2 protein chains.
Amino acid sequence: MPGMEPETDLVERWRSLLTCYNKVACDLERTLQEAHGLTLSEYETLDRLTTQERDKRRMQDLAETMYLSQSALSRTVSRLAKGGLVERTHCEIDRRGVFVAITEAGRQRWTEARKTHLAVLAEHLTPATA
Amino acid sequence: MPGMEPETDLVERWRSLLTCYNKVACDLERTLQEAHGLTLSEYETLDRLTTQERDKRRMQDLAETMYLSQSALSRTVSRLAKGGLVERTHCEIDRRGVFVAITEAGRQRWTEARKTHLAVLAEHLTPATA
DNA sequence: AAACATTAGATGCGCACGCATCTAATGTTC
DNA sequence: GAACATTAGATGCGTGCGCATCTAATGTTT
């Protein structure tokens, strides 16, 4: 009898996703803040900016690869800019657009934070973690 | 050469977890709110109260099976109580403790919301979703 | 039993979030 | 080219969160 109780499976999968995610995210958030003064979103933003080869990214492109709402990303970039980890430059061709570029300080901060990030991840999801 | 690049794998797993979780959670949050006036946390709390057989649960026991901080759970239960979906009763033996019991209205609301919940889950994580 | 430590849960606080809206620039239509 | 629609990103607003702290009840020590 196929499809007997797929609901239970579904809910169970979701619950483990929920639990697992929150454990990791919470720990990451706390640890990154303590050790490097970065929010998880801030770290992830820097990460996108270093990983993707281009040195400049439009907000929009950045948004596509992220999980944040448009407004949340906007504010995250604002915070990073205020801290000097990122620079905003107007797009010449389309002056509505905004380019975001990581600064040297940003790259440095990211390099340090990366170790912490990896350590926390390793601690939580090394084996098969649902 | 074992352990060559476990870092990349680790980060990739995390990223997909992050993305997947946020998609589902965000949709769930929005849909549950619209259709039933429930927060995700509120729904999950009701879910714990109906699924676990006991009719009464101490805050502490409830907290163990959940992903929320103590304060967040406390406020979630407050909201549910204000809406009449849950009842708090003092524990006689240890008067610091608080029992939480789902009400008939709560059970009803949960029953309706469950359909929505399952539908959203099905929509997002039917196949192999990382 | 008086003083101290611990524990259960509530609450003040600051913060990041999503939604809706606003502003300014670009595209489109007549 | 003037009026309207659309688009990129910023901002007002309300909300739920975690952390730290507070309150009240229980345990423990002497």
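Just so it is clear: chains get the letters A, B, ... in the order the sequence lines come, proteins before strands, and each one is counted from 1. What you see is a predicted model, and the numbers here were worked out from it, not measured in a lab.
Separating the CZ atom of B:Arg30 from the C1' atom of D:dG16 is a distance of 17 Å, rounded to the nearest angstrom. Rounded to whole Å, atom C1' of C:dG18 lies 14 Å from atom CG of B:Leu40. Residue B:Glu34 contributes atom CD, which lies 16 Å from atom P of D:dT15 at whole-angstrom precision. The NE2-C1' distance, from B:His90 to D:dA24, rounds to 10 Å in whole Å. Atom CG of B:Leu32 is separated from atom C1' of C:dC19 by 17 Å (rounded to the nearest Å).
Annotation: side-chain contact (heavy atoms from CB on, under 4.5 Å) contacts of B:Ala113 (sequence neighbours excluded): B:Leu32, B:His36, B:Leu38, B:Tyr43. Listed by chain and residue number, A:Glu7 satisfy the salt bridge (Lys or Arg N to Asp or Glu O under 4.0 Å) test with B:Arg114 (two or more places apart in sequence, or in another chain). Here B:Ala72 pairs with B:Leu68, B:Ser69 under the side-chain contact (heavy atoms from CB on, under 4.5 Å) rule; sequence neighbours left out. Checked against side-chain contact (heavy atoms from CB on, under 4.5 Å), A:Ser74 has the following partners two or more places apart in sequence or in another chain: A:Met59, A:Gln70, A:Arg88. With sequence neighbours left out, the side-chain contact (heavy atoms from CB on, under 4.5 Å) criterion links A:Arg79 to A:Thr39, A:Glu42, A:Arg75, A:Thr76. With sequence neighbours excluded, no residue forms a salt bridge (Lys or Arg N to Asp or Glu O under 4.0 Å) with A:Glu29. Residues meeting the salt bridge (Lys or Arg N to Asp or Glu O under 4.0 Å) test with B:Arg95, sequence neighbours left out: none.
Phosphate proximity of C:dT26 to A:Arg95: absent, as no side-chain N or O sits under 4.0 Å from OP1 or OP2.
Among the heavy atoms of the strands lying under 4.0 Å from B:Ile93 are primed sugar atoms or P, OP1, OP2 only; no base atom is included.
At distances below 3.5 Å, at least one donor-acceptor pair connects side-chain atoms of A:Thr50 with backbone N or O atoms of A:Asp47.
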Where along nucleotides 8-17 of chain C does protein come under 4.0 Å, by heavy atom, of base (B) or sugar-phosphate alone (S), with - for untouched nucleotides?
-> SBBBBB--SS

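With respect to B:Arg58 and B:Asp61, no salt bridge is recorded, no charged nitrogen being found less than 4.0 Å from a carboxylate O.
One axis for each end of the helix from C:dA1-D:dT30 to C:dC30-D:dG1, each built from five base pairs, and the angle between them comes to 10° at 10° resolution.
Projected onto DNA chain D by closest heavy-atom contact, A:Cys26 and B:Glu92 fall at different nucleotides, the more 5' of which corresponds to A:Cys26.
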